[in-house]
Amino acid sequence: MKTEILKTKRGTKKIVEKIYSVLINGWLVAFPTETVYGLWANALDEEACKKIYKAKWRPSDNPLIIHISKAEDIKKYGFVEFSYVEKLIKKFWPWPLTLIVKKKKNIGTSVSWWLDTVAIRFPKHTLALKIIEKCWFPIAAPSANSSWKPSPTIAESVIQDLDGKIDIIVDGGTTQVWLESTVLDVTWKFPVILRHGSITKEMLQKIVPEIKNTMNEEQKKKSPWTRYKHYSPETPVKIVTKTQRESIINDIKKYKNACYVWIRIKESNDFIFSFSSKKTLAKHLYSTLRKCDTYKIETIYIEEVNEKDIGKALMNRISKSAWIL
Ligand code: TXA
Ligand code: MG
């Protein structure tokens with residue numbers, strides 16, 4: 001299949017029309033959101049959604065998020081059972097907060113497998129919202145990458161993984177938030193964070209103080225994401241704790257030809273990739289991991305960060321990239 005690469009500069013109206021016609025025909029398109037690039041299909045078209053799993057080698061029991069362009073549409077596809085959900089929607093939508101609710105009958109098994117729930121998100125990206133508004137159906141969209149690889153924050157990463165496998169890739173530049181949305185299960189009396197993201201526990205707690213940070217066994221079973229390898233470059237990743245730092249550096253010095261990349265916070269010339277804050281590390285993490293694969297190196301070392309605020313989401317992604325499930 002020949003994949004068409006489109007630049008968003010081409011004109012809003014033309015892009016909206018074109019993407020709409022691709023989706024309505026049951027085809028796939030990669031399009032940016034404020035977090036990462038998504039691989040879009042008509043969420044009410046079972047056959048189209050099945051193509052998503054094939055294109056990105058996604059296990060069929062790992063369900064998709066559906067994207068809407070109006071907060072009230074959550075009730076078209078799911079049930080809002082607790083009053084705190086309305087408060088969260090009012091405060092955080094549109095923004096990277098995905099809500100898991102009990103699903104309605106119009107959501108098929110290609111979207112959310114045999115679960116009785118569906119993940120719903122109202123993204124904040126002007127052009128993406130224009131397209132979703134034009135569609136009378138919600139958009140199913142996982143991140144637009146091969147399942148186990150780092151998520152795409154630039155169009156080049158999508159091209160690496162999906163060129164020749166989908167109909168259109170829209171190049172809309174670098175995304176704004178860089179980590180995928182926070183996934184929050186709101187089917188319980190107190191909401192449970194299933195995936196940490198840039199909307200942090202601290203931010204959510206201001207609206208619902210009883211928020212839960214860890215999943216019990218039943219909740220883990222209902223969160224397929226926890227079972228699979230994610231965010232991993234081809235090169236092995238090792239996490240470096242503060243206490244290990246000096247000894248690992250000494251070890252590396254012993255091997256003259258040892259090739260490594262060290263990723264850390266704090267500007268420094270000694271290291272190949274260093275970032276001034278957790279926020280800038282978050283911005284560049286996925287593209288840096290992908291870049292490392294283009295060098296001939298043995299190991300990528302990443303220094304751990306503290307888990308305050310966005311640090312929790314960052315350590316979660318870093319651990320997964322190091323294969324710690
Ligand atoms: O920022 C984002 O969320 C991006 C953009 C494109 O919107 N999307 C994204 O989708 O990260 P994906 O598929 O890569 O991650 C969604 C996660 C999956 O790992 C899945 O396990 C979880 O959400 N999920 C989806 N539906 C679920 C459900 N009904 N119950 C529990 N977890 C669910
Ligand atoms: Mg993903």
Side-chain angles (χ1 to χ4, degrees), residues 1-70 73 76-77 98 103 106-113 118-123 125-149 151-173 175 180-181:
M1 174 189 290
K2 173 125 182 66
T3 303
E4 191 179 348
I5 317 270
L6 287 180
K7 295 263 183 197
T8 43
K9 279 189 215 106
R10 225 187 100 176
T12 308
K13 216 171 154 208
K14 269 197 184 146
I15 294 262
V16 173
E17 291 298 331
K18 174 123 191 170
I19 305 302
Y20 174 74
S21 71
V22 167
L23 294 169
I24 198 82
N25 278 303
W27 298 327
L28 304 185
V29 55
F31 202 92
T33 71
E34 80 279 30
T35 55
V36 299
Y37 277 72
L39 179 54
W40 291 22
N42 173 354
L44 303 183
D45 179 339
E46 284 284 289
E47 292 310 309
C49 291
K50 280 183 194 154
K51 291 181 190 163
I52 290 181
Y53 293 84
K54 202 167 166 217
K56 63 173 274 152
W57 308 87
R58 186 182 180 93
S60 60
D61 65 349
N62 193 5
L64 309 174
I65 296 176
I66 65 166
H67 296 66
I68 55 175
S69 60
K70 286 196 289 300
D73 281 358
K76 282 195 193 164
Y77 309 108
T98 296
K103 73 179 180 189
N106 49 10
I107 299 299
T109 48
S110 295
V111 168
S112 62
W113 193 49
V118 60
I120 304 186
R121 163 157 140 74
F122 180 0
H125 184 287
T126 313
L127 191 49
L129 285 176
K130 279 211 169 88
I131 300 168
I132 305 172
E133 251 160 41
K134 162 115 188 149
C135 299
W136 45 266
F137 44 83
I139 307 291
S143 49
N145 54 313
S146 298
S147 226
W148 63 93
K149 288 224 216 151
S151 295
T153 50
I154 48 176
E156 286 73 20
S157 308
V158 183
I159 294 169
Q160 262 176 12
D161 290 6
L162 298 177
D163 193 18
K165 294 172 136 195
I166 62 172
D167 302 279
I168 296 184
I169 295 174
V170 177
D171 181 350
T175 58
E180 306 85 347
S181 60

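- Of all heavy-atom pairs spanning Ile68 and Phe122, the tightest one is O-CD1, 3.4 Å.
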Item checked: Verdict with supporting geometry, Phe31 and Ile15, side chain to side chain contact (heavy atoms under 4.5 Å, CB included) -> CA-CA 11 Å; Phe31 202 92; Ile15 294 262; 4.2 Å; yes
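- Residues Pro123 and Leu129 are in side-chain contact: their nearest non-hydrogen atoms beyond the backbone lie under 4.5 Å apart.
- The salt bridge (charged side-chain N to carboxylate O under 4.0 Å, His left out) pairs that include a residue from residues 38-47 are Glu47-Lys50, where partners are two or more places apart or lie in different chains.
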Distance-only donor-acceptor pairs under 3.5 Å for side chains of residues 159-170, two or more places apart:
residue: Gln160; atom: OE1; partner: Arg290; partner atom: NH1; Å: 2.7
residue: Asp161; atom: OD1; partner: Lys149; partner atom: NZ; Å: 2.8
residue: Asp161; atom: OD1; partner: Arg290; partner atom: NH1; Å: 3.3
residue: Asp161; atom: OD2; partner: Ser146; partner atom: N; Å: 2.8
residue: Asp161; atom: OD2; partner: Arg290; partner atom: NH2; Å: 2.9
residue: Lys165; atom: NZ; partner: Ala55; partner atom: O; Å: 3.0
residue: Asp167; atom: OD2; partner: Leu28; partner atom: N; Å: 3.1

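- Taking Glu17 as the reference, Lys134 meet the salt bridge (Lys or Arg N to Asp or Glu O under 4.0 Å) condition, with sequence neighbours excluded.
- We find the NZ-OG distance between Lys51 and Ser110 to be 11.5 Å, quoted to the nearest 0.5 Å.
- A salt bridge does not link Arg121 to Glu180: none of the charged nitrogens lies less than 4.0 Å from a carboxylate oxygen.
- Summarising the geometry, atom OG belonging to Ser69 is positioned 11.0 Å from atom CD1 belonging to Ile131; distances are rounded to the nearest 0.5 Å.
- Partners of Lys70 according to the salt bridge (Lys or Arg N to Asp or Glu O under 4.0 Å) rule, which considers only residues two or more places apart in sequence or in another chain, are Asp73.
- Atom CZ of Phe137 is separated from atom NE2 of His67 by 14.0 Å, given to the nearest 0.5 angstrom.
- Counting all heavy atoms, side chain and backbone alike, Tyr53 lies closest to Val111 at OH-O, 3.8 Å.
- For the pair Tyr37 (side chain) and Asn145 (backbone), a donor-acceptor distance under 3.5 Å is absent.
- Residues satisfying the side chain to side chain donor-acceptor pair (under 3.5 Å) criterion with Thr98, sequence neighbours excluded, are Ser181.
- A pairwise comparison of heavy atoms in Pro32 and Thr175 identifies CB-CG2, 4.3 Å as the closest pair.
- Inter-residue side-chain proximity for Ile132 and Trp40 is flagged as met; some heavy-atom pair is nearer than 4.5 Å.
- A distance of 4.0 Å separates CD1 in Ile107 from CD1 in Ile66, rounded to the nearest 0.5 Å.
- Across Lys103 and Gly108, no two heavy atoms sit closer than the pair NZ-O, 4.1 Å.
- Rounding to the nearest 0.5 Å gives a distance of 12.5 Å between CG of Asp61 and OG1 of Thr109.
- For the atom pair Ile65 CD1 and Thr35 OG1, the distance stands at 8.0 Å (nearest 0.5 Å).
- Among all heavy-atom pairs drawn from Thr8 and Gly172, the shortest one is OG1-CA, 3.7 Å.
- Between the side chain of Asn106 and the backbone N or O of Lys76 there is at least one donor-acceptor pair closer than 3.5 Å.
- Across all non-hydrogen atoms, the minimal contact from Cys49 to Asn42 is SG-O, 3.4 Å.
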Note to self: side chain to side chain contact (heavy atoms under 4.5 Å, CB included), that's the test. Do Tyr20 and Trp136 meet it? Break it down for me.
What the structure shows: CA-CA 10 Å; Tyr20 174 74; Trp136 45 266; 3.5 Å; yes
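- The salt bridge (Lys or Arg N to Asp or Glu O under 4.0 Å) search around Lys130 returns none, not counting sequence neighbours.
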